[in-house]
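What follows is one structure encoded as structure tokens, with my remarks underneath.
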Amino acid sequence: MNTPQRLFALVVVLIGCAVVSLMAGVHWMSPADIGHAFWMPSATNVDDLVIRTTRLSRTVLAIVVGASLAVAGGILQTLTHNPLASPGILGINAGALFAVVLIATTDVLAAHLNPYAGAFAGAAIAAAIVWWLAMRRQTATPLHLILAGAALAALFGAMSQALLVIDQQGLDTVLFWLAGSVSGRSLDTVWPLIGIAVLGLLLSAALLRDLNLLAAGDTIAAAVGIRLPRLQAMAIAVIVLLAGASVAMAGNIVFIGLIVPHIARRLLGVDHRRWLPGAAVIGATLALIADIVARLLIAPGEVPIGVMTALIGAPVFIALIRRQATAHA
Amino acid sequence: MTQLSATHITAGYQHEAILRELTLALPEGQLSVLIGSNGCGKSTLLKTLARLLAPWNGEVVLDGADIHRQPTQAVARTLSLLPQQPVAPEGLRVRELVALGRHPHQSWLSQWSERDEACVDDALARTDLLTLADRPVDSLSGGQRQRAWIAMAVAQDTPLMLLDEPTSFLDLTHQLEVLDLLKALNRDAGKTIVMVLHDLNLACRYADHMVALKHGRIHAQGTPDDVVTEVNVREVFELDCRVIADPFFGVPLCIPFGRAPSS
């Protein structure tokens with residue numbers, strides 16, 4: 001298969017997974033039920049209601065979050081020239097968690113602030129601080145970015161722990177958030193975040209060609225006329241939109257941002273114009289599969305999707321490392 | 001005639017000045033070589049000339065105007081830079097790498113033209129890489145890899161090419177291969193070439209113009225005969241040597257003895 005055919009096949013798999021996601025659950029629906037729910041829904045039909053509310057919203061959420069995290073991770077890996085980079089290293093997850101804890105443990109904030117908006121703001125602020133710390137000399141070197149991110153993540157983590165030790169009120173919310181989930185969120189409440197993530201995906205398309213040059217090295221990129229500080233700032237902004245919105249909506253979903261870019265590059269080659277859209281499709285598919293397994297594994301209970309992505313992701317990642325180690329030996 | 005020059009530039013990193021009040025005009029259409037001991041500012045000078053480092057004082061002038069006041073993409077159509085030891089992304093093919101050099105000639109409206117394709121083919125032909133065009137860059141030998149990077153700079157289609165130590169880590173045969181290639185680009189395609197070299201004797205053989213740097217200032221410049229003298233080598237490199245005429249090429253040949261006792 002050539003690259004466009006592979007991309008097409010990936011899209012077909014994604015659509016298949018989305019249909020299964022609408023069908024799967026404690027109560028399985030047939031494709032006919034789904035057709036009924038979409039084309040001639042009736043207000044009294046319970047199946048229609050389940051499909052159009054809970055199943056549809058978690059399916060949409062898994063697709064958006066999976067695609068966003070994969071693209072954010074891919075851009076960050078190119079930006080930092082670090083194959084192990086994932087959005088977490090910008091302090092995005094730690095910042096969002098701190099905001100969630102702060103809101104949950106502070107009554108005044110809890111009364112006035114939407115936790116989703118708060119989490120997004122926390123992610124954005126953390127990334128902004130990391131960026132500011134790393135940008136002391138006009139362009140951020142990848143190492144500065146990673147070091148500043150690690151330091152800030154540790155700081156926010158410590159502050160979150162301190163708050164939780166003082167006041168355990170937020171513990172339930174935080175546990176839920178730490179494990180990550182795409183269920184129990186209605187599209188009515190999270191649609192602004194979905195909009196932000198989709199905006200991030202659209203904006204990332206404008207960066208694809210420049211990212212190819214950035215991958216060849218910062219000096220090479222600057223030498224052929226890329227404005228490096230501007231490109232870095234735009235890339236970070238897109239990552240914050242994507243990963244910030246995802247983390248705010250679905251909590252800590254690990255490994256998608258880390259491994260999906262590797263899978264995409266392996267399948268689709270090194271041209272960002274091919275593999276980054278591919279990463280979006282693969283990320284969405286992986287999130288859907290993780291969520292489907294998560295709701296079936298111990299039905300009627302649910303395994304958190306963040307646990308599932310780690311269970312699937314860790315072995316894939318170890319296999320990837322082993323293959324690369326043998327390739328370099 | 002000069003297309004690229006620097007007037008009274010002071011430049012460096014953080015608070016440390018590497019270049020001090022340096023003034024230099026690079027002769028157009030010639031192959032110039034920058035020499036000097038480690039840390040003398042050769043790479044810093046090259047980066048400043050290529051507008052990758054903004055000087056604290058003074059200005060770099062390209063085609064009569066301050067290089068930092070020109071759009072960077074326009075500069076990239078006049079001047080290319082090959083840094084030290086570039087690393088290609090894993091799996092990138094030679095043709096894809098060379099195509100990256102076309103970036104300054106593209107825009108949102110015209111993404112890839114027949115002219116881009118022709119320039120890439122021309123660059124591959126000049127660097128003798130046509131048969132390797134579909135190989136991943138990381139699977140090539142050191143000499144082939146360096147030719148691929150030079151091909152990328154050639155595809156950029158600039159009258160000026162700046163190269164930072166293009167022969168480092170290559171064996172002697174491949175060093176000569178790369179230098180012959182650059183000489184051919186200078187002679188046949190009329191490119192002005194400015195490069196940093198460490199091997200004094202190879203520099204003498206290939207350079208039309210030599211610039212010796214010491215402590216961020218120009219110590220000597222001119223033809224290899226002007227620059228590579230026993231006195232200059234001692235002062236620039238702190239090296240005791242004998243300079244004789246190369247029996248085959250007639251250029252200066254430096255026979256090094258050892259570190260000169262510091263004066």
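Protein chains get the first letters and strands the later ones, always in sequence-line order, with residue 1 at the start of each.
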Tell me, for A:A221 versus chain B, whether the close heavy atoms (under 4.5 Å) come from the side chain, the backbone, both or neither. neither

Picking from [options], which has the most non-hydrogen pairs under 4.5 angstrom with chain B?
options	value
A:G225, A:G269, A:A206	A:G225
A:D271, A:V270, A:I226	A:V270
A:D210, A:T219, A:L213	A:L213

Smallest separation among heavy atoms of B:P89 and A:A215, with atom names: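 Scanning both residues completely, I find the closest heavy atoms to be CG-O, 3.4 Å.
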
What is the minimum heavy-atom distance between A:A222 and B:T72, and which atoms define it?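 Residues A:A222 and B:T72, closest heavy atoms: O-OG1, 4.2 Å.
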
In sequence, state the C-alpha distance, the side-chain angles, and the governing distance for B:M152 and A:V224, and then conclude on side-chain contact (heavy atoms from CB on, under 4.5 Å). CA-CA 10 Å; B:M152 178 192 167; A:V224 295; 3.9 Å; yes

Counting only heavy atoms from other residues, nucleotides and ligands, does the tally under 6.0 Å from [atom1] of [X] exceed 12?
X	atom1	answer
A:Q5	CD	yes
B:K47	NZ	no
A:R274	CZ	no

Which portion of B:L79 sits near chain A, non-hydrogen atoms under 4.5 angstrom: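 For B:L79, the backbone is the part near chain A, not the side chain.
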
Under 4.5 Å from a heavy atom of chain A, the part of B:V87 involved: backbone

Rounded distance (nearest 0.5 Å) linking atom CG of A:N212 with atom CD of B:E96: 8.5 Å

Using 0.5 Å steps for rounding, measure from the CG atom of B:L52 to the CG atom of A:L228.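 B:L52 atom CG to A:L228 atom CG measures 9.0 Å (nearest 0.5 Å).
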
So which of B:R51, B:R93, B:R77, B:Q156 has the biggest tally of heavy-atom pairs under 4.5 Å with chain A?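 The answer is B:R51.
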
Could you check A:R209 against B:Q106 for side-chain hydrogen bond (donor to acceptor under 3.5 Å, both in side chains), going step by step and ending with a plain yes or no? CA-CA 10 Å; A:R209 212 157 60 90; B:Q106 295 166 337; 2.5 Å; yes

